[in-house]
Amino acid sequence: MSSARVGCLLLPGFSLGTLAGVIDPLAQAAALQPGRMPEPVMLSLDGRPVRAGAGAWVVCTELRAAPPLQLAMVVSDLPWHEQDPLGPAVLLWLREQAAAGACLGGVGTGAAWLAEAGLLQGHRATLHWPHLAALAERHPGVVLSQQRFEIDRQRLSSAGGEAARDLMIAWLGHHHGDRLAQELAAHAGLPGPRPADERQRVPGSGRGGAGSAKLAEALALMEANLSEPLPTEDIARLVGVSRRHLERLFRQHLDALPSRWYLGLRLERAQALLRQTPQSILQIGLACGFASGPHFSNAYRAHFGRTPRDERGLRAQAWRDAAATEPAPGNAARDERSA
């Protein structure tokens with residue numbers, strides 16, 4: 001059995017979705033390759049359960065009782081400066097893990113703790129987008145990005161939720177082969193591992209400085225009306241600005257016209273449905289505001305470079321490839337007898 005461990009230091013208010021993004025790929029990898037994969041260990045500063053932002057409590061092992069770690073992760077969702085009482089113990093632990101040769105990671109806002117410990121100087125890193133500007137100002141020696149995740153030498157970082165999953169799939173694939181990464185992606189309903197250079201999805205109010213409350217309102221209206229798209233004039237009227245002013249806000253903060261941005265949102269939603277649901281292509285097109293199958297297919301191909309049918313084919317092929325790597329029960333039994 002593998003003796004490697006991935007330690008997840010949970011800080012109060014952490015996201016359950018982000019934690020799942022870390023441990024689910026580890027569990028699936030262990031099922032695919034028993035005895036070879038690192039096992040997750042939930043950690044807290046004092047050994048007591050830690051409460052997630054959703055209210056659930058997670059049982060943990062005390063830091064000082066943890067086994068040696070291959071990867072030490074900080075799982076956090078709140079701004080680091082709101083957790084000052086925890087600071088000295090967290091920073092000391094991270095420095096000790098670095099001295100022991102462990103790989104270090106942070107998900108959600110976890111990378112900020114690595115930066116505070118002085119362990120990200122000259123490294124590329126990322127964290128949940130609302131906190132990027134503050135961290136960049138505080139730690140100019142860290143090369144911050146808006147990517148979903150970053151892997152730079154012995155440092156791992158990502159935004160929360162699904163980005164943490166993508167990070168772990170990439171990390172496991174790096175250490176155990178591309179085939180495993182493909183299998184893990186297929187298990188997650190993806191056509192393949194997500195590339196590291198895919199950007200976080202950042203609302204307009206989070207880009208280009210303070211942004212605009214009116215722009216944020218317009219984006220919220222778009223998100224809430226994907227199946228029946230609103231005309232740009234109606235969006236402008238509902239947020240209380242002229243169409244021209246709304247277009248100026250979109251160009252300033254998003255470098256796009258409202259109609260193009262809206263179309264992108266609808267197509268991204270369609271892509272998620274194609275990958276994650278068994279709905280027909282026509283049903284998905286209608287659910288995302290397209291009047292007909294050809295209209296949906298043409299728009300999808302223009303945006304992604306492939307048709308909805310191609311997208312479905314990629315998912316199906318990923319599942320077939322994953323299934324082909326699993327030994328038949330009879331063969332597995334013969335292998336065990338011959339071992």
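These figures come from a predicted structure and were not determined experimentally.
- Counting heavy atoms from C-beta on, the side chains of Leu26 and Leu172 come closer than 4.5 Å.
- Annotation for Arg260: atom CZ does not count as buried by contact number, only 12 or fewer foreign heavy atoms lying within 6.0 Å.
- Under the ring-ring contact (aromatic ring centres under 6.0 Å, His included) criterion, His295 pairs with Phe290, not counting sequence neighbours.
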Under the side-chain contact (heavy atoms from CB on, under 4.5 Å) rule, what do Gln147 and Arg124 come out as? Steps first, then yes or no, please.
-> CA-CA 10 Å; Gln147 313 299 82; Arg124 288 184 62 85; 4.2 Å; yes
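- Taking each heavy atom of Gly7 and Leu43 in turn, the nearest pair found is CA-CD1, 3.9 Å.
- Residues forming a salt bridge (charged side-chain N to carboxylate O under 4.0 Å, His left out) with Arg138 (at least two apart in sequence, or on another chain): Glu116.
- In this structure, Asn225 and Tyr262 have side chains that are in contact, with non-hydrogen atoms separated by less than 4.5 Å.
- Between the side chain of Ser158 and the backbone N or O of Val107 there is no donor-acceptor pair closer than 3.5 Å.
- Side-chain contact, Ser297 with Thr307: no donor N or O sits under 3.5 Å from an acceptor N or O.
- The neighbour count for Arg153 CZ, taken as heavy atoms of other residues, nucleotides or ligands under 6.0 Å away, is above 12.
- The shortest side-chain heavy-atom distance between His176 and Pro38 falls under the 4.5 Å cut-off.
- Relative ring orientation between Phe296 and Tyr300 is described as perpendicular, the plane-to-plane angle rising above 60° on a 0-90° scale split at 30° and 60°.
- The distance from the CG atom of Leu69 to the CD atom of Gln97 is 4.5 Å, given to the nearest 0.5 Å.
- Between Pro12 and Arg51, every side-chain heavy-atom pair lies at or beyond the 4.5 Å cut-off.
- Summarising the geometry, atom CG belonging to Leu246 is positioned 10.0 Å from atom CD belonging to Glu233; distances are rounded to the nearest 0.5 Å.
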Step by step, would you call Arg243 with Glu247 a salt bridge (Lys or Arg N to Asp or Glu O under 4.0 Å)?
-> CA-CA 6 Å; Arg243 172 172 178 155; Glu247 290 176 343; 2.9 Å; yes
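- Looking at residues two or more places apart in sequence or on another chain, you find a salt bridge (charged side-chain N to carboxylate O under 4.0 Å, His left out) between Glu96 and Arg64.
- Ile284 and Leu286 fall into different hydrophobic clusters, where Ile, Leu, Val, Met, Phe, Trp and Tyr side chains are chained together by heavy-atom contacts under 4.5 Å.
- The 12-atom threshold is exceeded at CG of Asn298, counting heavy atoms of other residues, nucleotides or ligands nearer than 6.0 Å.
- For the pair Pro193 and Ala185, the tightest heavy-atom approach, listed with the atom from each and the gap, is N-CB, 3.5 Å.
- Interatomic distance, NE2 of His131 versus CG of Leu144, reported as 12.5 Å (0.5 Å rounding).
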